[in-house]
Visitor: 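Pasting in a structure now, in structure tokens, and then I'll have a few things to ask.
The figures here come from the full heavy-atom set of this structure, side chains too, leaving out hydrogens, waters and symmetry mates.
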Amino acid sequence: MPKVIKNVGCPYCGCSCDDVEVTVSDDGKHVLEVKNVCAIGTEIFMHGGDREGRIRLPRMRQEDGTFKDVSFEEATDFMAKTLLKAKKPLMYGFGSTNCEGQAAAARVMERAGGMLDNCASICHGSSFLAIFDNGYPSCTLGEVKNRADVIVYWGSNPAHAHPRHMSRYSIFPRGYFSGKGHKGKTVIVVDPRFTDTARVADHVLQVRQGHDYDLFCAFRMVLHGHADDIPDVVANIPKEKILEVAEILKNARFVNIFFGMGLCHSDGRNHNIDIAISMTRDINQFTKCTIMAMRGHYNIAGPGQVWSWVFGFPYCLDLTKKNMAHMNPGETSSVDLAMRDEVDAFVNIGTDAGAHFPIPAVQHLKKHPFITIDPSVNMASEISDLHVPVKICGVDDGGIVYRMDNVPIQFRQVVNAPDGVPSDEEFLDGVYERMVELEGEKFDE
Ligand code: SF4
């Protein structure tokens with residue numbers, strides 16, 4: 001009999017939905033059906049289990065350029081030796097693995113004396129910089145659901161990037177103090193494009209691209225009582241519209257501002273976020289207001305938590321001194337290290353740097369040993385010297401993940417991975433043990 005498993009977590013976006021229902025085959029090897037999950041999440045579940053076409057053994061690059069299957073022992077040995085030989089290896093990724101894998105990676109890179117970084121450095125890393133400068137007046141998504149009456153999406157498009165965010169947390173759910181659902185909420189979208197999220201908004205501010213900082217300044221001027229001094233149009237938005245929206249913000253019961261790559265990736269970067277945080281504080285002079293980063297992957301908040309516990313820093317970690325961690329984004333961030341050709345071995349794990357790094361950065365990384373740890377074929381795996389297949393967290397491996405609001409959630413295993421395929425944690429622990437053995441043998445190639 002097929003089995004229905006409830007309260008399953010979806011391992012895709014930062015919503016980390018944990019109400020998924022999965023029907024698995026009686027042998028526990030295949031996902032047959034999924035419910036309460038968006039189209040993106042559905043795909044992930046259908047890729048898991050013991051399905052045909054799944055990579056089951058590590059693949060090592062040969063001299064003629066082809067891949068040859070090798071054992072997990074050989075892969076473990078190759079990675080341990082690569083890390084020990086390198087002067088400054090970099091391990092990067094971690095958006096799509098569990099906290100147990102992130103902790104194992106920290107142990108390995110501390111031993112290797114290398115660089116350790118996660119996808120935040122190309123995503124919400126600028127938000128971290130702003131938070132270091134200006135604090136983080138935030139809340140949990142449960143508070144949004146139960147209290148919010150004004151929702152702002154600034155530079156984010158959840159209709160495409162976080163498909164159930166609006167229905168689970170922000171606009172549509174009926175909460176304890178928000179029993180009318182979307183009828184009791186005002187939705188404001190700020191984006192240069194008229195996105196699918198803008199379609200459900202009450203007010204759409206099509207800001208001039210790259211001029212969000214100007215618009216934040218205008219709002220802050222109004223909130224501070226200097227409305228007379230702002231120009232007739234700011235960043236493409238007429239003054240009357242700015243005044244109208246400022247009144248809505250001031251008169252709300254509970255405002256939530258969600259921001260995304262529109263602020264992190266455009267001119268100003270961390271300064272767009274720190275002025276957004278300042279505006280949040282300004283609105284708190286009139287009512288309650290919180291701000292939240294629309295974190296991308298289901299556990300990209302995880303490394304920030306795990307590594308802050310271990311080393312005191314959330315990302316861009318320099319562990320080369322071995323007895324003291326150092327962090328300085330711009331100096332110790334992955335793309336900067338790659339562009340300056342400062343690292344001499346690269347491990348891509350739980351991400352696809354091949355697809356998402358700038359091409360010149362990938363070209364630099366490719367001059368040195370390049371290892372990918374990933375359940376599937378992706379662009380990074382195809383340019384790697386070694387590709388190690390692993391379990392898929394949330395599908396054939398369980399573990400702790402941190403949602404975008406830093407709430408930890410226990411993800412469940414729903415199907416069995418092919419025999420012998422390890423989790424990220426198991427593989428990295430094996431690499432750690434092999435490094436200890438090699439160091440005992442005075443390995444020095
Ligand atoms: S919204 Fe995100 S976490 Fe939720 S089901 Fe879709 S992809 Fe998965």
Side-chain angles (χ1 to χ4, degrees), residues 3 5 8-12 22 24-32 34 41 43-61 66-80 82-83 91 93-105 107-108 297-299 302 347-354 370-382 384-401 410-435:
K3 190 168 72 169
I5 308 175
V8 171
C10 168
Y12 187 72
V22 182
V24 300
S25 57
D26 23 354
D27 60 5
K29 288 185 172 177
H30 305 285
V31 172
L32 302 176
V34 283
E43 279 299 309
I44 300 253
F45 283 101
M46 292 311 177
H47 277 78
D50 200 358
R51 68 176 170 83
E52 208 180 310
R54 185 144 175 200
I55 311 249
R56 285 148 204 272
L57 279 173
R59 305 180 297 150
M60 187 86 79
R61 180 85 58 198
T66 59
F67 274 126
K68 180 182 158 214
D69 285 354
V70 296
S71 67
F72 281 99
E73 289 70 31
E74 285 171 90
T76 303
D77 183 69
F78 178 85
M79 179 156 156
T82 300
L83 292 177
M91 196 185 291
F94 303 101
S96 300
T97 185
N98 52 26
C99 291
E100 292 82 347
Q102 294 158 358
R107 292 191 287 274
V108 168
H297 292 283
Y298 67 94
N299 193 28
V347 180
N348 171 92
I349 174 168
T351 189
D352 186 357
F370 193 124
I371 298 169
T372 291
I373 302 172
D374 198 282
S376 311
V377 168
N378 59 26
M379 284 177 73
S381 75
E382 293 316 272
S384 289
D385 301 300
L386 171 68
H387 174 204
V388 183
V390 280
K391 291 176 180 169
I392 305 174
C393 174
V395 184
D396 36 52
D397 187 25
I400 299 283
V401 312
Q410 177 74 53
F411 269 22
R412 310 173 65 170
Q413 175 195 341
V414 293
V415 280
N416 297 322
D419 281 349
V421 171
S423 65
D424 288 312
E425 181 189 21
E426 288 162 343
F427 181 71
L428 290 169
D429 280 348
V431 171
Y432 183 90
E433 281 162 27
R434 185 67 188 130
M435 287 166 72

Visitor: Could you tell me which non-hydrogen atom of Gly49 sits nearest to which non-hydrogen atom of Pro418, and how far apart they are?
Guide: O-CD, 3.7 Å

Visitor: Residues in side-chain hydrogen bond (donor to acceptor under 3.5 Å, both in side chains) with Asn299, at least two apart?
Guide: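 For Asn299 there are no side-chain hydrogen bond (donor to acceptor under 3.5 Å, both in side chains) partners, ignoring immediate neighbours.
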
Visitor: Under the side-chain hydrogen bond (donor to acceptor under 3.5 Å, both in side chains) test, which residues partner Asp385, sequence neighbours left out?
Guide: none

Visitor: What verdict does the side-chain hydrogen bond (donor to acceptor under 3.5 Å, both in side chains) test give for Thr372 and Ser384, after you've listed the backbone C-alpha separation in whole Å, the side-chain angles of each residue and the deciding distance to 0.1 Å?
Guide: CA-CA 6 Å; Thr372 291; Ser384 289; 2.7 Å; yes

Visitor: What residues form a salt bridge (charged side-chain N to carboxylate O under 4.0 Å, His left out) with Arg56, not counting sequence neighbours?
Guide: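 Once residues adjacent in sequence are excluded, the partners of Arg56 under the salt bridge (charged side-chain N to carboxylate O under 4.0 Å, His left out) criterion are Asp50.
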
Visitor: Test of understanding: with salt bridge (charged side-chain N to carboxylate O under 4.0 Å, His left out), list the residues that count as partners of Glu74, not counting sequence neighbours.
Guide: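 Expected list: none.
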
Visitor: Test of understanding: with salt bridge (charged side-chain N to carboxylate O under 4.0 Å, His left out), list the residues that count as partners of Arg412, not counting sequence neighbours.
Guide: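 So Arg412 forms no salt bridge (charged side-chain N to carboxylate O under 4.0 Å, His left out) with any residue.
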
Visitor: Can you sort out the partners of Phe427 under ring pair (Phe, Tyr, Trp, His ring centres under 6.0 Å), two or more places apart, ordered by chain and number?
Guide: none

Visitor: Could you tell me whether a side-chain N or O of Ser25 sits under 3.5 Å from a main-chain N or O of His30, the two making a donor and an acceptor?
Guide: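 Flag set: sc Ser25 to bb His30 pair under 3.5 Å.
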
Visitor: Can Arg59 and Asp69 be said to form a salt bridge (charged side-chain N to carboxylate O under 4.0 Å, His left out), step by step?
Guide: CA-CA 4 Å; Arg59 305 180 297 150; Asp69 285 354; 5.8 Å; no

Visitor: Looking at residues at least two apart in the chain, or sitting in another chain, which of them share a side chain to side chain contact (heavy atoms under 4.5 Å, CB included) with Tyr12?
Guide: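 Per chain and number, Tyr12 pairs via side chain to side chain contact (heavy atoms under 4.5 Å, CB included) with Cys10, Ile40, Ile44.
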
Visitor: I'd like to know whether CG of Asp419 has more than 12 heavy-atom contacts from other residues, nucleotides or ligands below 6.0 angstrom.
Guide: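 Check fails, neighbour count at 12 or below.
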
Visitor: If we ignore hydrogens and angles and just use 3.5 Å, is the side chain of Thr97 paired with the main-chain N or O of Phe94 as donor and acceptor?
Guide: no

Visitor: With sequence neighbours excluded, tell me which residues meet side-chain hydrogen bond (donor to acceptor under 3.5 Å, both in side chains) with Arg61.
Guide: none

Visitor: Would you mind reporting whether Thr82 and Ile371 have side-chain heavy atoms less than 4.5 Å apart?
Guide: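 Yes. Closest side-chain heavy atoms under 4.5 Å.
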
Visitor: Provide the closest heavy-atom pair for Met46 versus Val31 in the form atom of the first, atom of the second, distance.
Guide: SD-O, 3.8 Å

Visitor: With sequence neighbours excluded, tell me which residues meet side chain to side chain contact (heavy atoms under 4.5 Å, CB included) with Asp396.
Guide: Arg54, Lys391, Ile392, Val415, Ala417

Visitor: Going by side chain to side chain contact (heavy atoms under 4.5 Å, CB included), name the residues that satisfy it together with Glu43, two or more places apart in sequence or in a different chain.
Guide: His47

Visitor: For the residue pair Ile373 and Val347, what are the closest heavy atoms and their distance?
Guide: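 Taking every non-hydrogen atom into account, CD1-CG1, 3.9 Å.
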
Visitor: Quick one: side-chain hydrogen bond (donor to acceptor under 3.5 Å, both in side chains) partners of Glu100, sequence neighbours excluded?
Guide: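 None.
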
Visitor: Do any N or O atoms from the side chain of Asn348 and from the backbone of Ala353 form a donor-acceptor pair under 3.5 angstrom?
Guide: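 Yes; judged by distance alone, with no hydrogens or angles, the pair exists.
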
Visitor: Please report the shortest heavy-atom distance between Phe72 and Val421, naming the atom on each side.
Guide: CZ-CA, 4.1 Å

Visitor: Would you please name every residue forming a side chain to side chain contact (heavy atoms under 4.5 Å, CB included) with Asp429, sequence neighbours left out?
Guide: Ala104, Arg107, Glu425

Visitor: Can you confirm whether more than 12 heavy atoms, excluding those of Met379, are under 6.0 Å from its CE atom?
Guide: no

Visitor: Got a donor-acceptor contact below 3.5 angstrom from the Glu433 side chain to the Gly430 backbone?
Guide: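 No, because the side chain of Glu433 does not come within donor-acceptor range (under 3.5 Å) of the backbone of Gly430.
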
